[in-house]
Amino acid sequence: MIESISINNYGLIDKTEIDLEEGFSVITGETGAGKSILLGAIGLTLGQRADSSAIMDKSKKCVVEIIYNVQEYNLQRWFEENDLDYSENVVVRREVTVEGKSRGFINDTPVNNKLLKEFGSYMIDIHSQHQSLLLGQPEYQIEILDSFCNNGELLSEYQELYNQFRKQTVELKNLKNKVADAEKEEDYLRFQFSQLENAQLKMGEKEDLERELEMLNHAESIKSSLNGITWNFRDNERSIISVLKEIRHSLDGIANALPEAKEYRERIESVVIELNDLADEAERKGEGIEYDGRKIEAIDQRLSVIYDLLYKYKVEDVADLLKLYSSLEQQLKNIEDSSGKITVLEKELQETELQMKTLTTKIHHIRQETQKLLCDKMKRLLIGLGIKHAEFVVELVELDHFTPTGCDDVRFLFSANKNQQPGEIAKVASGGEISRVMLALKYVLSGSKQLPVIIFDEIDTGLSGEVAHRMAQIMKEMAMRMQVISISHLPQIAAAGNCHFKVYKEDNHDFTISHIRKLTYTERVKEIAGMMSGEKISAAALETAQNLLK
């Protein structure tokens, strides 16, 4: 329940604090006094959009704070899951600056609007004209039926499967599309792969072949040059080696006279050895080089294959062709693997659908079993609220596909007149009838849905007399199970509350300011009498007000 509400610098409210009580509280006041402003301030703490234009004094920020007592509502786990400090008294605060920036807090821990909304959904149900419009929407109707059926746990389990089902469906569809596109190209991919596979390419092969071809094409010149090395180094009568040997011999003759001669001789000996090795190597190399027309033709053909592939696939070298080959191999493997993966996904999807079908069958049976009970309760309540010939029907149709709430289409049908065929509420009910239908639904749900606070925002508009009295009694009965707050213009409802607040406006030097305060018994009598007789309160009105309060 709400223990207190503190509002600073919001709308026409400069500063106000309200201490609420258990049971049924009513809020009254003239039109425009600021009752809607009070709801707007509460809405801020529920994560609704913050508007800086609602700030009264632009030099200060707006602060709205609500203290809840949550002792009986088993919220410890929710607080743990969201890393929030739990206490029996929970303080929810929203701050808005003139620049439009806002911050939310739960027990002084900063939170985002999503968490404010989530916490608020556990605590408050605000019934407004907007919610009356929701009554015509199938999604809202099925939500009401499920709340009455206590289908929460089953629906939570189903919705997890439904989200999984949607994810699997999208994944399967995307994979099938991908495979279908790939299969269109599969023949071409296999042709490319086969062409590269048959080529038996090797890294560096092109460069090796080009070097070998260059050597074979110049075999005679190379052989001649190599033979020239052997001839000039060793085989010629005046070869370089023979000249060096003569010099070496001459150095032997002056070795005793010139100390450096020995070093020179050793260096020449090294040169002679090196030149002999070089001559031998050139001779061997020359013997191995012969012009081979067939080999040249074979190399030309092999290079032609490589050049054609490089040109066809618009790449620079064999390394790129090998990368392409690996890529094609992987693509073909993916096509083969995807077919198997499709089979696996289809099986997983079938298993999910089977689990969903089991749950939707349970949910449907529960809805089917309880819909008549809901209809009977609603009919009795609506007759008590002055709709003498009320009929309320829950139409439940099984669907052949899954929806976020199961496999049922739910529609609430209503008629207010004798022998009138029930029709869609939004089309056949008047504004006053819709208000009474909503109140009856809230009353029924209050017995099955654990919700700490419900706020009715002028649900009694257009009603009076005995209907208003019965509506007040229904709210009092609801207040035995939860905290009920009603903003009302009817004296019957104002008198039914165990706590009465009045919203009124006053002018100061700078602003018109809204105030809200709790009324004493005497003030309540006067306020209720004024609601009946207007500005001039008669003795009869005062007596009637006292009787209503009794």
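Bear in mind the structure is a predicted one, so any value in this text is a computation, not a measurement. Below, all heavy atoms of this structure are taken into account, side chains as well, without hydrogens, waters or symmetry copies.
The distance from atom CG of D146 to atom CD1 of I366, rounded to the nearest 0.5 Å, is 9.0 Å.
Side-chain polar atoms of T352 and Q168 form a donor-acceptor pair below 3.5 angstrom. Counting only N and O atoms by type, the side chains of T109 and N107 include no donor and acceptor under 3.5 Å apart. Between the side chains of S156 and Q159, no donor N or O sits under 3.5 Å from an acceptor N or O. Under 3.5 Å, the side chains of E477 and Y443 contain a donor-acceptor pair of N or O atoms. A donor-acceptor contact under 3.5 angstrom links the side chains of T512 and D507, judged on distance only. No donor-acceptor contact under 3.5 angstrom links the side chains of E527 and H500, judged on distance only. N89 and S87 share no side-chain donor-acceptor pair at under 3.5 Å. S446 and R481 are linked by a side-chain donor-acceptor pair at a separation below 3.5 angstrom, with hydrogens and angles left out of the test. Between S102 and R94, the side chains place a donor N or O and an acceptor N or O closer than 3.5 Å (distance only, hydrogens not considered). In the model, H364 has a side-chain atom that pairs as donor or acceptor with a side-chain atom of D408 under 3.5 Å.
Environment of CG in N174: crowded, with over 12 heavy atoms of neighbouring residues, nucleotides or ligands closer than 6.0 Å.
A pairwise comparison of heavy atoms in Y158 and T405 identifies CE2-C, 3.9 Å as the closest pair. Contact detail for Q371 and V394: the closest heavy-atom pair is OE1-O, 2.7 Å. Annotation for V90 and F79: closest pair CG2-CZ, 3.6 Å, computed over non-hydrogen atoms. Minimum heavy-atom separation, L46 to I124: CD2-CD1, 4.2 Å. Shown here for S6 and E17, the closest heavy-atom pair between the two residues is OG-CG, 3.9 Å.
A perpendicular orientation is assigned to the rings of Y122 and W78, their planes being inclined by more than 60° (bins at 30° and 60°).
R77 has a carboxylate O that lies under 4.0 Å from a charged side-chain N of E81, or vice versa, which qualifies the two as a salt bridge.
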Full working for side-chain hydrogen bond (donor to acceptor under 3.5 Å, both in side chains) between E118 and S121: CA-CA 5 Å; E118 193 173 325; S121 70; over 6 Å; no
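Tested against P491 for a side chain to side chain contact (heavy atoms under 4.5 Å, CB included), the candidates L549, T28, L548 yield a single pass: L548.
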